[in-house]
2 protein chains.
Amino acid sequence: MLVRINANSTSAKPPVPRGLSALTGEAALWNDHKYSRGAQIFWEGEPAEYIYQIGDGAARTYKLLSDGRRQIAAFYLPGDIFGVETEELHRFSAEAIIDTTVWIAERHSMFEGPDNGDLAYTKSALELLQQTLQHVQNQLLLLGRQTALERVAYFLLEMDRRLKKPAVIILPMRRRDIADYLGLSLETVSRGLSALRDNGIISVESQRREVILTDRTKLAQIVCGNANH
Amino acid sequence: MLVRINANSTSAKPPVPRGLSALTGEAALWNDHKYSRGAQIFWEGEPAEYIYQIGDGAARTYKLLSDGRRQIAAFYLPGDIFGVETEELHRFSAEAIIDTTVWIAERHSMFEGPDNGDLAYTKSALELLQQTLQHVQNQLLLLGRQTALERVAYFLLEMDRRLKKPAVIILPMRRRDIADYLGLSLETVSRGLSALRDNGIISVESQRREVILTDRTKLAQIVCGNANH
DNA sequence: CGACTCCTTGACAGCGTTCAACAGTAGTGG
DNA sequence: CCACTACTGTTGAACGCTGTCAAGGAGTCG
């Protein structure tokens with residue numbers, strides 16, 4: 001829960017994040033905050049007063065059931081915007097996965113009046129919403145109809161793409177987070193990674209958060225249900 | 001695949017659907033089409049040239065995997081609007097579940113130019129998009145983290161709510177559709193319904209598409225993970 | 001070094017799927 | 001009207017994927 005308002009950033013004055021500027025206007029108030037690992041950023045049901053963009057680090061949004069079952073809706077990586085809602089309340093909780101710097105700007109109310117809205121803003125929000133929708137709709141098929149191995153492969157390819165296909169993928173999240181994202185147990189995630197490793201499709205570094213995709217083609221085939229069994 | 005353009009509607013000239021009028025303008029061209037049971041309305045990947053509203057009947061949108069696994073994204077009931085996309089292409093396929101009348105209107109391009117857009121339209125689209133997003137986000141938790149019985153109970157309550165809590169729920173879809181919506185096998189759906197029936201929570205009519213919810217409270221408890229086992 | 005967290009791996013159980021048989025319903029045509 | 005067929009849904013039995021429980025290894029940090 002350590003939240004520190006960072007008046008004098010350690011880095012040089014950063015550029016206003018492009019995504020946020022479109023959503024808030026150039027002159028909007030914004031700040032960068034630092035959240036330590038595991039810190040809550042906002043809660044489901046809380047008024048959605050701000051919108052957020054990851055500077056460094058990573059965040060997760062999730063829902064909980066009363067008995068503790070958790071479904072992670074999305075991971076957010078540097079540059080990603082989150083917390084944008086069309087209603088007044090947040091529909092998910094959000095936490096920092098690791099120590100994370102977040103740019104925070106005041107949220108525009110989206111439906112203020114008949115012609116009080118800002119078209120550019122609404123369009124930005126629409127684009128963002130549409131991105132979110134696409135992502136979630138892909139998750140549907142994944143969670144509803146794909147096997148454990150297919151889900152793990154999908155996850156690796158998604159991270160690979162979103163991190164711009166680096167030589168080594170450095171995962172900010174733990175196995176438990178991956179499991180709650182994919183609707184699996186953490187053991188099954190671990191077994192999936194081991195299976196891919198044993199088949200020479202990926203290579204897991206000793207730190208276990210670093211993964212190298214040695215055969216993206218085979219990985220993609222697995223996602224599409226063409227595991228060669 | 002029987003599609004008939006219905007120039008002279010059997011019923012009196014129907015009112016322009018409220019949802020569609022906001023999305024197309026009062027003077028927009030529209031028609032009602034009839035789709036027979038199982039008929040394709042549009043395909044995933046097809047240009048999204050129209051938007052649709054159910055008059056009578058029901059429709060399903062879905063994605064397929066190459067090996068035939070299907071995930072149904074949503075069911076559409078009388079009054080529901082579907083097929084609205086923010087991009088140029090449909091992201092799901094759509095079929096009529098039963099013989100269905102659909103109102104069809106031309107789609108506005110959503111991002112035509114810098115200030116060429118229609119704010120009222122964009123707002124309508126935004127609201128619709130937001131509804132869709134909420135629905136899908138609830139599905140995430142359901143598919144990722146809930147048990148078979150919880151999913152079946154959730155489905156019944158969703159249909160109950162959307163059909164305005166009738167005395168008897170008349171389901172337009174088959175067990176297979178419910179299964180593909182909930183990420184289960186059709187046998188498991190059937191067993192879930194039987195279990196609820198045996199516990200006196202629902203009553204299934206002999207036609208098997210008609211269900212009476214005799215204990216909505218218990219049903220809601222099951223959805224939240226409070227099955228008294 | 002010791003305590004802690006995170007991850008892997010194994011053994012086993014259970015939930016849900018698969019396979020199969022059967023029953024009820026609807027549609028068709030004689 | 002009935003026979004025939006196709007389709008849909010239910011139920012049982014066995015299998016198997018994934019979850020649960022448990023032990024141990026590996027890395028981190030005080």
Side-chain angles (χ1 to χ4, degrees), chain A residues 36-38 60 65 67-71 97-99 142-153 155-156 170-198 202-211 222 225 227 229, chain B residues 36-38 65 67-71 97-99 142-153 155-156 169-198 202-211 222 225 227 229:
Chain A
S36 48
R37 193 174 75 122
R60 58 182 173 241
L65 285 173
D67 57 4
R69 282 176 285 176
R70 182 179 66 161
Q71 178 63 43
I97 295 176
I98 52 179
D99 291 351
L142 196 74
L143 295 179
R145 285 294 175 220
Q146 304 209 234
T147 67
L149 192 63
E150 287 166 9
R151 299 185 203 196
V152 172
F155 168 78
L156 290 173
I170 299 175
L171 298 172
M173 69 290 287
R174 318 190 276 249
R175 298 293 187 264
R176 173 66 197 266
D177 292 323
I178 302 173
D180 286 346
Y181 179 62
L182 298 177
L184 300 170
S185 71
L186 67 90
E187 292 93 336
T188 300
V189 172
S190 182
R191 277 183 249 270
L193 291 170
S194 298
L196 293 173
R197 181 201 59 201
D198 294 347
I202 67 172
S203 153
V204 182
E205 301 302 295
S206 65
Q207 296 91 323
R208 282 124 162 210
R209 297 277 181 92
E210 305 185 3
V211 179
I222 290 174
H229 38 195
Chain B
S36 48
R37 194 174 75 122
L65 285 173
D67 57 5
R69 281 176 286 177
R70 180 179 69 159
Q71 177 64 42
I97 296 176
I98 52 180
D99 290 350
L142 195 74
L143 295 179
R145 284 296 176 222
Q146 303 209 233
T147 66
L149 192 63
E150 287 165 9
R151 298 185 203 197
V152 173
F155 169 77
L156 289 174
I169 298 175
I170 300 175
L171 298 173
M173 68 290 286
R174 317 190 274 249
R175 299 291 187 263
R176 174 65 197 268
D177 292 323
I178 302 174
D180 286 347
Y181 179 61
L182 299 177
L184 299 170
S185 71
L186 67 89
E187 291 94 336
T188 300
V189 171
S190 181
R191 277 183 249 271
L193 290 170
S194 298
L196 292 172
R197 181 201 57 199
D198 294 347
I202 68 172
S203 151
V204 182
E205 300 304 294
S206 65
Q207 295 92 324
R208 275 116 167 218
R209 297 276 179 90
E210 304 185 2
V211 180
I222 290 174
H229 37 197

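Note that the structure is a prediction, hence the values are computed from the model and not measured. Order of the sequence lines fixes the chain letters, A, B, ..., with proteins taken first and strands second; residue numbering starts at 1 for each chain.
- In this structure, CG on B/Leu184 lies 13.0 Å from CZ on B/Arg175, to the nearest 0.5 angstrom.
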Check nucleotides 17-20 of chain D for protein N or O atoms closer than 3.5 Å to its own N or O atoms and list the pairs.
from	atom 1	to	atom 2	distance (Å)
D/dT18	OP1	A/Ala148	N	2.9
D/dG19	OP1	A/Ser185	N	3.1
D/dG19	OP2	A/Ser185	N	3.1
D/dG19	OP2	A/Ser185	OG	3.0
D/dG19	OP2	A/Thr188	OG1	2.2
D/dT20	O4	A/Arg191	NH2	2.8

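- Remark: side-chain polar atoms of A/Ser194 are paired, donor with acceptor, to backbone N or O of A/Ser190 under 3.5 angstrom.
- Of all the heavy atoms in B/Leu143 and B/Gly183, the pair that sits closest is CD2-N, 3.9 Å.
- Minimum interatomic distance between B/Asp99 and B/Arg37 (heavy atoms only, all atoms of both residues): OD1-N, 2.7 Å.
- Residue-environment remark: CZ (B/Arg209) exceeds the threshold of 12 foreign heavy atoms within 6.0 Å.
- In this structure, A/Gln146 and B/Arg69 approach most closely via the heavy-atom pair CA-NH1, 3.7 Å.
- Rounding to whole angstrom units, CG of residue B/Asp198 and P of D/dT10 are separated by 11 Å.
- In terms of heavy-atom proximity, B/Ala195 sits nearest to B/Leu149 at CB-CD1, 4.3 Å.
- Residue A/Glu210 contributes atom CD, which lies 13 Å from atom C1' of D/dG27 at whole-angstrom precision.
- What separates CD of A/Glu205 from C1' of D/dG27 is a distance of 14 Å, to the nearest Å.
- Considering only side-chain atoms of A/Arg197, the nucleotide from D/dA26, C/dG24, C/dT9 that sits closest is C/dT9.
- Rounding to whole angstrom units, CG of residue A/Leu193 and P of C/dC7 are separated by 10 Å.
- The minimum heavy-atom distance between A/Leu196 and A/Ile222, with the atom names listed, is CD2-CD1, 3.7 Å.
- Residues from residues 173-181 of chain A placing a heavy atom under 4.0 Å of any atom in DNA chain C, listed by number, are A/Arg174, A/Arg175.
- Checking B/Arg37 against B/Ser194, the closest nucleotide of DNA chain D that is more toward the 5' end is the one next to B/Arg37.
- Atoms CD (B/Glu150) and C1' (C/dC15) sit 13 Å apart, rounded to a whole Å.
- Salt bridge B/Arg70/B/Asp177: present, at least one basic N to carboxylate O contact under 4.0 Å.
- Nucleotide C/dA26 holds its P atom 10 Å from the CZ atom of B/Arg208, rounded to whole Å.
- Within the helix from C/dC1-D/dG30 to C/dG30-D/dC1, the inter-axis angle between the opening and closing five-pair segments is 30°, rounded to 10°.
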List the steps, then state whether side chain to side chain contact (heavy atoms under 4.5 Å, CB included) holds for B/Asp180 with A/Arg145. CA-CA 8 Å; B/Asp180 286 347; A/Arg145 285 294 175 220; 2.7 Å; yes
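- Spacing between atom CZ of A/Arg209 and atom C1' of D/dA26 amounts to 13 Å, rounded to whole angstrom units.
- B/Arg151 CZ to B/Tyr181 OH: the interatomic distance, rounded to the nearest 0.5 Å, is 12.0 Å.
- Rounded to whole Å, the distance from CD1 on A/Ile98 to P on D/dT28 is 15 Å.
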